[in-house]
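One structure below.
Values in this document were obtained by computation on a predicted structure and should not be read as measured data. In the text below, chain A, chain B and the rest are named by the order of the sequence lines, each starting its count at 1.
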Number of protein chains: 2
Amino acid sequence: MTTVTTVRSVSYSCLMETAEEPSLAAIRIEAVLAALDHPLRLRVVRTLAARGEMTCQELLPDITKSTASHHWGVLRRSGLVAQRREGRYLHLTLRRDDLDHRFPGLLDAVVHG
Amino acid sequence: MTTVTTVRSVSYSCLMETAEEPSLAAIRIEAVLAALDHPLRLRVVRTLAARGEMTCQELLPDITKSTASHHWGVLRRSGLVAQRREGRYLHLTLRRDDLDHRFPGLLDAVVHG
DNA sequence: CCATCAGTTCGAATTGATTCGAACAATAGG
DNA sequence: CCTATTGTTCGAATCAATTCGAACTGATGG
């Protein structure tokens with residue numbers, strides 16, 4: 001009786017991808033709207049707007065890690081959120097300046113909605 | 001051999017519902033974001049912003065009637081679009097004043113995105 | 001070194017949105 | 001009246017997004 005241990009050594013090549021955040025000019029309104037169209041992600045954006053930089057755990061403590069990570073990816077790729085690594089922890093911030101410059105008024109509408 | 005004709009006389013009681021558009025104060029940002037998170041509906045909003053009042057057929061000529069009607073419903077209930085009946089035709093308009101008043105800058109961001 | 005912790009990735013299941021045809025209401029026009 | 005047209009509603013099928021457990025990477029600290 002041998003315990004089968006499936007080692008996926010190759011497929012995890014592009015793990016912990018460094019900054020897949022779009023540049024200021026590359027932020028697309030379609031991606032921003034799609035990211036905001038989810039209760040959890042909208043809550044995260046509002047919390048970041050009110051409290052500034054926060055860690056992942058502070059933002060979504062009661063959510064499964066894999067689910068939370070999915071939402072971080074959507075928020076990052078949309079251009080709404082930037083991340084900063086500090087040791088093991090990931091610190092997230094709203095890209096307020098970029099968003100205000102690209103879509104003036106949008107964040108205010110979303111936050112004080 | 002009788003041809004069964006299922007007559008649904010009761011279930012169509014609330015057909016052609018008159019103005020299920022929310023009032024200015026009742027417009028929710030969540031519904032607006034959800035409505036904008038679809039390529040067809042985003043295209044409709046942008047077309048209405050550029051060309052003003054238009055009929056349903058002018059807006060989505062190549063789309064199935066039932067599918068189009070579904071999208072009109074989403075746009076109406078979100079508060080983005082108002083409708084005016086003229087005979088058989090439905091004329092749609094962007095609720096620009098209401099949206100600019102409720103969420104200043106949002107429509108501009110969406111249209112010139 | 002080794003165990004732990006934070007977050008990512010994959011694969012599969014569930015859930016939700018979209019789409020379409022058919023039946024329908026309401027109006028328009030002969 | 002009768003027929004064609006415009007848009008709605010229902011039901012079912014399809015497609016996309018969300019969710020979760022398990023395996024994994026990389027950093028931390030004994």
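- Taking five base pairs at each end of the helix from dC1(C)-dG30(D) to dG30(C)-dC1(D), the local helix axes there meet at an angle of 20°, rounded to 10°.
- Glu21(A) places a side-chain N or O within donor-acceptor distance of the main-chain N or O of Gln83(A), the cut-off being under 3.5 Å.
- The nearest whole Å value for the distance from the NE2 atom in His91(B) to the P atom in dT6(D) is 12 Å.
- Nearest heavy-atom pair, Pro22(A) versus Ile27(A), reported as atom, atom and distance to 0.1 Å: CG-CG1, 4.1 Å.
- Scanning residues 30-43 of chain B for heavy-atom distances under 4.0 Å to DNA chain C yields His38(B), Arg41(B).
- Atom OH of Tyr89(A) and atom C1' of dA27(D) are 11 Å apart (whole Å).
- For the atom pair CG of Leu75(B) and CZ of Arg77(B), the computed distance is 9.5 Å after rounding to the nearest 0.5 Å.
- Using a 4.5 Å cut-off between side-chain heavy atoms of Ile, Leu, Val, Met, Phe, Trp and Tyr, with links allowed through other members, Leu90(B) and Leu80(B) fall into different hydrophobic clusters.
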Please list, for nucleotides 28-30 of chain D, all pairs of protein and nucleotide N/O atoms separated by less than 3.5 Å.
none

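- From Leu107(B), atom CG reaches atom CG of Leu94(B) across 5.5 Å, with rounding to the nearest 0.5 Å.
- In this structure, the CG atom of Leu90(B) is 10 Å from the C1' atom of dT8(D), given to the nearest Å.
- Ala31(B) and Ser78(B) get closest at one heavy-atom pair: O-CB, 3.5 Å.
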side-chain contact (heavy atoms from CB on, under 4.5 Å) evaluation trace for Leu106(A) with Leu99(A): CA-CA 8 Å; Leu106(A) 188 139; Leu99(A) 289 159; 5.6 Å; no
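- Applying a 4.0 Å cut-off to non-hydrogen atoms, the residues of residues 52-67 of chain A that approach DNA chain C are Cys56(A), Gln57(A), Lys65(A), Ser66(A), listed by residue number.
- Going from atom CG of Leu36(B) over to atom CG of Asp37(A) covers 9.5 Å, rounded to the nearest 0.5 Å.
- A distance of 10.0 Å separates CG of Leu24(A) from CG of Asp97(A), quoted to the nearest 0.5 Å.
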Check: residues 41-62 of chain B side-chain donor-acceptor pairs under 3.5 Å, at least two apart:
| residue | atom | partner | partner atom | Å |
| --- | --- | --- | --- | --- |
| Arg41(B) | NE | Ala35(B) | O | 2.7 |
| Arg41(B) | NH1 | His71(B) | ND1 | 3.1 |
| Arg41(B) | NH2 | Ala34(B) | O | 3.3 |
| Arg46(B) | NE | Val110(B) | O | 3.1 |
| Arg46(B) | NH2 | Val110(B) | O | 3.1 |
| Thr47(B) | OG1 | Arg43(B) | O | 2.7 |
| Glu53(B) | OE1 | Arg84(B) | NH2 | 2.8 |
| Glu53(B) | OE2 | Arg84(B) | NE | 2.9 |
| Glu53(B) | OE2 | Arg84(B) | NH2 | 3.3 |
| Thr55(B) | OG1 | Glu58(B) | N | 3.4 |
| Thr55(B) | OG1 | Glu58(B) | OE1 | 3.2 |
| Glu58(B) | OE1 | Thr55(B) | N | 2.9 |

side-chain contact (heavy atoms from CB on, under 4.5 Å) evaluation trace for Val81(A) with Arg95(A): CA-CA 5 Å; Val81(A) 162; Arg95(A) 295 177 63 178; 5.8 Å; no
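- Between Arg85(B) and dA28(C) there is no side-chain polar atom (N or O) within less than 4.0 angstrom of OP1 or OP2.
- Applying the ring pair (Phe, Tyr, Trp, His ring centres under 6.0 Å) definition to pairs two or more places apart or across chains, none involves residues 72-113 of chain A.
- When the side-chain nitrogen and oxygen atoms of Ser69(B) are compared with OP1 and OP2 of dT8(D), one or more of them lie within a distance under 4.0 Å.
- Leu92(A) and Val74(A) sit in two unconnected hydrophobic clusters of ILVMFWY residues. Membership requires side-chain heavy atoms under 4.5 Å apart, directly or through other members.
- Taking side-chain N and O atoms only, His71(A) has a distance below 4.0 Å to OP1 or OP2 of dT19(D).
- dT18(C) atom P lies 11 Å from atom CG of Leu75(B), rounded to whole Å.
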